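Note that the coordinates shown come from a computational prediction; the quantities given were computed from them, not determined experimentally.
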Amino acid sequence: MSETSRTGFDAADSGHMARALQLAWRGRYTAHPNPRVGCVLVRDGRVIGEGWHQRTGESHAEVNALAAAGGEAKGATAYVTLEPCSHHGKTPPCSDALIAAGVAEVVVAMQDPFAKVAGSGLKALQKAGVAVRIGHMATEAAKLNEGFISRVARGRPFVRLKMAASLDGCTAMSDGQSQWITGAESRADVQRLRAASGAVMTGVGTVMADDPSLTVSDKSLTDLQPLRVIVDSRLRMPTSACMLALPGRTAIFCIDDSRRQVLETAGATVHKCTASDGRVDLAAVLRDLAKWQINDVLVEAGRHLGGSLLGAGLVDEIVIYQAPHIMGSETRGMFLTPQWQKLEQRLDLDIIDVRKFGRDTRIIARPVRIN
């Protein structure tokens with residue numbers, strides 16, 4: 001059987017695709033809103049070029065790998081974590097670049113769900129006589145781009161709800177004091193979550209109580225700042241909020257925009273949206289964020305907004321940093337949920353990861369049924 005007519009995958013394929021996934025992961029803080037993509041070029045069993053997509057507007061993974069390979073790319077096999085694009089966006093089509101370089105075969109982890117690609121890149125390669133194999137390590141590739149897939153397939157970003165709590169599930173004392181429940185290691189991990197997100201969302205109550213920055217302060221991660229999203233139905237946002245003077249953008253979603261001018265003068269943008277039960281329609285906010293090409297939203301909020309998102313079925317993942325102490329009964333819990341009165345109303349979760357950060361424990365869980 002010739003090299004270009006193979007249909008299965010072997011150990012060498014797995015090794016090269018795993019490397020392509022590693023490369024794609026390097027773009028986790030800078031590639032958004034584009035997907036994270038890696039590419040490895042192999043000829044006669046030898047890696048001749050590697051590349052990954054570093055940030056939107058710049059060369060894609062395939063083009064960077066081809067540049068590294070130079071003239072050796074002719075007759076090579078390309079391992080790519082996502083279907084090569086076939087349309088003209090901010091850069092030319094990667095499928096054309098692979099064809100022009102004379103690549104003999106392309107092994108693709110998964111098809112691109114974006115409507116302008118969605119199989120057309122594969123068809124272009126096959127039409128040009130390039131052998132294509134698809135579906136190797138597709139689960140891992142999809143995991144890498146859950147936010148991008150959510151945005152293009154569901155019309156809303158992937159929503160990750162972060163909470164910091166004591167062992168008895170408390171997030172603040174009765175007077176609202178909450179800094180700091182968890183340790184420095186957990187807070188450093190939150191920086192990584194922010195850097196990997198297109199937007200960080202909170203409620204106006206958190207802004208008024210804590211005056212958070214919601215920025216990425218660790219410059220070793222990225223020079224980009226996520227969009228700051230404030231849910232503020234009655235537009236109570238203080239003009240003195242520190243985030244309004246910080247790098248990056250702050251968008252406020254409301255149903256009463258009477259203070260629009262003063263807040264926009266202070267540096268925010270105000271967006272009036274539809275109401276649901278007299279408050280901002282959270283599903284509508286997420287749809288707007290998707291239109292703004294936001295793939296991932298990190299929610300750092302109090303029990304009201306967190307509980308509302310959970311109750312509406314809008315949370316895809318919960319990240320809880322649990323500190324090893326007891327805060328007592330006169331405190332605030334993690335979520336203010338609908339009035340669930342029966343056990344069958346509870347929200348079932350799958351715990352997918354547990355690990356230590358300093359003295360804290362980070363628990364990542366996902367609702368068993370996600371809307």
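Residues passing the salt bridge (Lys or Arg N to Asp or Glu O under 4.0 Å) test with Arg287: none are found, sequence neighbours excluded. Partners of Gln191 according to the side chain to side chain contact (heavy atoms under 4.5 Å, CB included) rule, which considers only residues two or more places apart in sequence or in another chain, are Arg194, Val216, Ser217, Asp218, Leu221. Residues passing the ring-ring contact (aromatic ring centres under 6.0 Å, His included) test with His32, sequence neighbours excluded: none. By the side chain to side chain contact (heavy atoms under 4.5 Å, CB included) test, Ala199 pairs with Leu227, Val229, Ile294, Val297, sequence neighbours left out. With sequence neighbours left out, Ile134 forms a side chain to side chain contact (heavy atoms under 4.5 Å, CB included) with Val108, Gln111, Leu122. By the salt bridge (Lys or Arg N to Asp or Glu O under 4.0 Å) test, Lys143 is found to be paired with Glu146, residues two or more places apart in sequence or in another chain being considered.
Arg187 and Asp360 are not joined by a salt bridge, as no carboxylate oxygen comes within less than 4.0 angstrom of a charged side-chain nitrogen. Classification of Glu72 and Arg43 as a salt-bridged pair fails, no side-chain N sitting under 4.0 Å from a carboxylate O. Salt-bridge formation is not detected for the pair Asp296/Arg28: no Lys NZ or Arg NE/NH1/NH2 atom is positioned less than 4.0 Å from an Asp or Glu carboxylate oxygen.
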Tell me which donor-acceptor pairs under 3.5 Å the side chains of residues 235-249 have, and how far apart each pair is, sequence neighbours excluded?
none

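At a threshold of 4.5 Å between side-chain heavy atoms, the hydrophobic network of Ile, Leu, Val, Met, Phe, Trp and Tyr places Leu347 and Ile364 in two separate groups. Connection of Leu82 to Ile149 is established within a shared hydrophobic cluster, with ILVMFWY side chains joined at heavy-atom distances below 4.5 Å, either directly or through further cluster members. Under the 4.5 Å side-chain heavy-atom criterion for ILVMFWY residues, a single connected hydrophobic cluster contains both Trp52 and Val47.
Side chain to side chain, Arg151 and Asn295 meet the donor-acceptor criterion of an N or O pair below 3.5 Å.
Looking at Leu224 and Tyr29, their side chains never come closer than 4.5 Å, going by heavy atoms from C-beta outward. Inter-residue side-chain proximity for Thr202 and Val299 is flagged as unmet; no heavy-atom pair is nearer than 4.5 Å. You'll find the side chain of Met201 reaches within 4.5 Å of the side chain of Leu289, heavy atoms only.
Screening residues 181-214 for ring-ring contact (aromatic ring centres under 6.0 Å, His included) gives no qualifying pairs among residues at least two apart or on separate chains. Listed by first and then second residue, the ring-ring contact (aromatic ring centres under 6.0 Å, His included) pairs involving residues 231-262 are Phe253-His271, Phe253-Trp292 (not counting sequence neighbours). Listed by first then second residue, pairs satisfying ring-ring contact (aromatic ring centres under 6.0 Å, His included) with a partner in residues 142-167 number zero, not counting sequence neighbours. Sorted by first and then second residue, the salt bridge (Lys or Arg N to Asp or Glu O under 4.0 Å) pairs with a member in residues 349-359 read Asp353-Arg355, Asp353-Arg362; sequence neighbours excluded. Residue pairs that meet the salt bridge (Lys or Arg N to Asp or Glu O under 4.0 Å) test with at least one member in residues 261-281, sequence neighbours left out, are Arg260-Glu264.
Using cut-offs of 30° and 60° for the angle between ring planes, the His53 and His60 rings count as perpendicular.
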Exercise. Checking side chain to side chain donor-acceptor pair (under 3.5 Å) for the pair Arg55/Thr30: CA distance, chi angles, key distance, verdict?
Worked result: CA-CA 5 Å; Arg55 72 173 64 208; Thr30 56; 5.4 Å; no
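We find the CD-NZ distance between Glu300 and Lys162 to be 4.0 Å, quoted to the nearest 0.5 Å.
Counting non-hydrogen atoms of other residues, nucleotides and ligands closer than 6.0 Å to NZ of Lys219 gives a total above 12.
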